[in-house]
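Worksheet: the structure to be examined is printed underneath.
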Amino acid sequence: MKVSFFATLRDITGIKDSERFQAATVEELLNNLCVSYGEKFAAWIWEQGQLSNNIMILVNGRAIHHLNGIQTRLKATDEIAIFPKVAGG
């Protein structure tokens, strides 16, 4: 699967995308990414044991909140995009 990082998360990981991760669910993928990229990355992803409201995750272009949330099942051919939500005025 291809995992792409955007904005601040790209700065934290130091890469645009990676194909080295495999996982059965979005939650498993996020946990694997947190192990690899450390506490700063994890602080963006998790908030009090729940997915942070400051993050958006797409699987094949569809937001996971329209799928099965962090329990969304993943396949080796999936493309996952992870980026911080932005606010503006």
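Along the sequence shown, residues are numbered consecutively beginning with 1. Computed from a prediction, not measured in an experiment: that's the story for all the values here.
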Under 3.5 Å donor-acceptor, Lys85 side chain and Met56 backbone: no
Where Ile80 and Ile82 come nearest, the two heavy atoms and their spacing: CG2-CG1, 3.9 Å
Trace of the side-chain contact (heavy atoms from CB on, under 4.5 Å) decision for Val59 with Ile64: CA-CA 7 Å; Val59 175; Ile64 64 168; 3.7 Å; yes
Contact check, side chains of Leu74 and Thr25, non-hydrogen atoms, under 4.5 Å: no
Check: Phe5 main-chain N/O paired with Arg10 side-chain donor or acceptor under 3.5 Å: yes
Straight-line distance of Asn32 CG to Leu30 CG, nearest 0.5 Å: 9.0 Å
Rounded distance [0.5 Å steps], CZ in Phe83 versus OG1 in Thr8: 12.5 Å
In one Ile/Leu/Val/Met/Phe/Trp/Tyr side-chain cluster, 4.5 Å: Phe6, Leu51: no
Pairwise distance CD(Gln50) to CD1(Ile45) - rounded to 0.5 angstrom: 13.5 Å
Leu33 backbone acceptor or donor facing Ser36 side chain under 3.5 Å: no
Asp78 side chain vs Lys75 backbone, donor-acceptor pair below 3.5 Å: yes
Spacing of CE belonging to Met1 relative to CD belonging to Gln22, to within rounding of 0.5 Å: 4.5 Å
Rounded distance (nearest 0.5 Å) linking atom CZ of Arg20 with atom NZ of Lys2: 15.5 Å
Straight-line distance of Lys40 NZ to Asp11 CG, nearest 0.5 Å: 8.0 Å
Heavy-atom side-chain contact between Pro84 and Leu9 under 4.5 Å: yes
Non-hydrogen side-chain atoms of Asp17 and Val3 separated by less than 4.5 Å: no
Nearest non-hydrogen partners of Glu27 and Gln71, listed with the distance: OE1-NE2, 2.7 Å
Test item: Asn54 and Glu47 side chains (from C-beta on) under 4.5 Å apart, heavy atoms: yes
Leu67-Ile55 co-clustered via ILVMFWY side chain contacts under 4.5 Å: yes
Parallel, tilted or perpendicular, as decided by the 30° and 60° cut-offs, for the rings of Tyr37 and Phe21: tilted
Min side-chain heavy-atom separation Thr13-Phe41 under 4.5 Å: yes
Student check: side-chain heavy atoms of Asn68 and Arg73 closer than 4.5 Å: no
Shortest non-hydrogen contact from Trp44 toward Ser52: O-CB, 3.2 Å
